[in-house]
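Note that the numbering runs from 1 along the sequence shown for the chain.
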Amino acid sequence: AFPLPSPSKMASVQTKPTQAVSQRSQREGAAAAAAPGAVQGAGPIDGAKSANEDFVRFLYAPHGPQADTIISAIETNTKLKREQIGYAVGGAIGLLLVFGSIAQLLCNLIGFAYPAYVSVKAIRSPSKDDDTKWLTYWTVFGFMCVIDFFADSIMGYFPFFYLAKAVFLAYLYLPQTNGAEYCYTKYVDPAVTKFDAWFAQKFGGAVKQE
């Protein structure tokens, strides 16, 4: 029979995650109290660090026996850690976004594929909070699509346009950054409010809201 850990040791192990969650909640509450008017979510730099930590944690999480065997074999053959391999793949995607002939398609896939998938999941769920989150993203995404009309002209002066756009779209929907909520609150909603005021002044009535 295997020896069982002592009750005090088991209690200590069970208490640590609870303490970590409690401390994290206290930090988040203090940050929210310090900036009550700010949009919830981390800034771009802190969000990028958090996303990187979650990415590395995901790479080392179990993905099934077959996938883990393949990943381990790649690490052994390349003599690289799996996060280094992940960064290399990300770098290759970045090069395709700058020099590849499929840069526009790849950029649109980055901004569309995952958000579309989770949006369908959000519609299926009974909660409305996730519906609001992704409706906010698609609203900002729609504003961004207008810029694509000028993409060819922009590329003449800024060849990194699709790379920058892909990074920005990821910033919008990643939960670590929650950029869509910030952009909506900071720019989109005020723009719509100004349009409502202009419409009411021009035509003598406000835009009807459902």
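By the criterion of side-chain heavy atoms lying less than 4.5 angstrom apart, applied directly or through intervening Ile, Leu, Val, Met, Phe, Trp or Tyr residues, V89 is not grouped with L59; the two fall into different hydrophobic clusters. Under a hydrophobic clustering in which Ile, Leu, Val, Met, Phe, Trp and Tyr are joined whenever their side-chain heavy atoms come within less than 4.5 Å, directly or via other members, F55 and L169 fall into different clusters. A single hydrophobic cluster is not seen to contain both L163 and L105; linkage of ILVMFWY side chains at heavy-atom distances under 4.5 Å, directly or through other members, places them apart. In this structure, Y171 is a member of the same hydrophobic cluster as L106, with clusters built from ILVMFWY side-chain heavy atoms closer than 4.5 Å. Both M144 and M155 sit in one connected hydrophobic cluster of ILVMFWY residues. Membership requires side-chain heavy atoms under 4.5 Å apart, directly or through other members.
Taking every heavy atom of both residues into account, A103 and L96 meet most closely at CB-O, 3.6 Å. Contact between A67 and H63 at its shortest, heavy atoms only, is CB-O, 3.5 Å. When all heavy atoms are compared, the tightest approach of Q176 to S50 is CG-OG, 3.4 Å. Among all heavy-atom pairs drawn from D129 and S127, the shortest one is N-OG, 3.3 Å.
The neighbour count for D152 CG, taken as heavy atoms of other residues, nucleotides or ligands under 6.0 Å away, does not exceed 12. By the 6.0 Å contact criterion, CZ on F58 is open, its count of non-hydrogen atoms from other residues, nucleotides or ligands being 12 or less. Summarising the local packing, CZ of F158 is surrounded by more than 12 heavy atoms from other residues, nucleotides or ligands at distances under 6.0 Å.
Distance check, rounded to the nearest 0.5 Å: CD1 of I71 to CD of Q66 gives 11.0 Å. Distance check: T136 OG1 to Y182 OH gives 15.5 Å after rounding to the nearest 0.5 Å. Between the CH2 atom in W134 and the OG1 atom in T139 there is a gap of 12.5 Å [rounded to 0.5 Å]. In this structure, CG in L135 is found 8.0 Å from CG in D131, a value given to the nearest 0.5 Å. To the nearest 0.5 Å, the span separating CG on D196 from CD on Q201 amounts to 13.0 Å. The distance from the CD atom of Q104 to the CG atom of L97 is 11.5 Å, given to the nearest 0.5 Å.
Taking the six-membered ring for Trp and thresholds of 30 and 60 degrees, Y137 and Y173 have ring planes more than 60 degrees apart, a perpendicular arrangement.
In this structure, a donor-acceptor pair under 3.5 Å is present between the side chains of N52 and Y87.
A salt bridge does not link D130 with K133: none of the charged nitrogens is closer than 4.0 Å to a carboxylate oxygen.
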Acceptor/donor pairs from residues 110-121 side chains to any protein atom, 3.5 angstrom cut, sequence neighbours excluded:
{"from": "S119", "atom 1": "OG", "to": "P115", "atom 2": "O", "distance (Å)": "2.6"}
{"from": "S119", "atom 1": "OG", "to": "W138", "atom 2": "NE1", "distance (Å)": "2.8"}

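Applying the salt bridge (charged side-chain N to carboxylate O under 4.0 Å, His left out) definition to pairs two or more places apart or across chains, those involving residues 76-97 are E75-R82.
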For side-chain contact (heavy atoms from CB on, under 4.5 Å), just list the numbers for F141 and L172, CA-CA rounded to whole Å, side-chain angles, deciding distance to a tenth of an Å, and then say yes or no. CA-CA 9 Å; F141 180 85; L172 290 180; 5.6 Å; no

Derivation and outcome, side-chain contact (heavy atoms from CB on, under 4.5 Å), residues F203 and W198: CA-CA 8 Å; F203 300 100; W198 172 85; 4.1 Å; yes

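At least one donor-acceptor pair under 3.5 Å links the side chain of S125 to the backbone N or O of A122. With T76 contributing its side chain and S72 its backbone, the two residues share a donor-acceptor pair below 3.5 Å. Side chain of T177 to backbone of L174: a donor-acceptor contact under 3.5 angstrom is found.
The one candidate from Y162, F161, F168 that meets the side chain to side chain contact (heavy atoms under 4.5 Å, CB included) condition with C107 is Y162.
For the pair K165/N108, a side-chain contact is recorded, criterion being any heavy-atom separation below 4.5 Å from C-beta on.
In terms of the salt bridge (Lys or Arg N to Asp or Glu O under 4.0 Å) criterion, D189 has no residue partners (sequence neighbours excluded).
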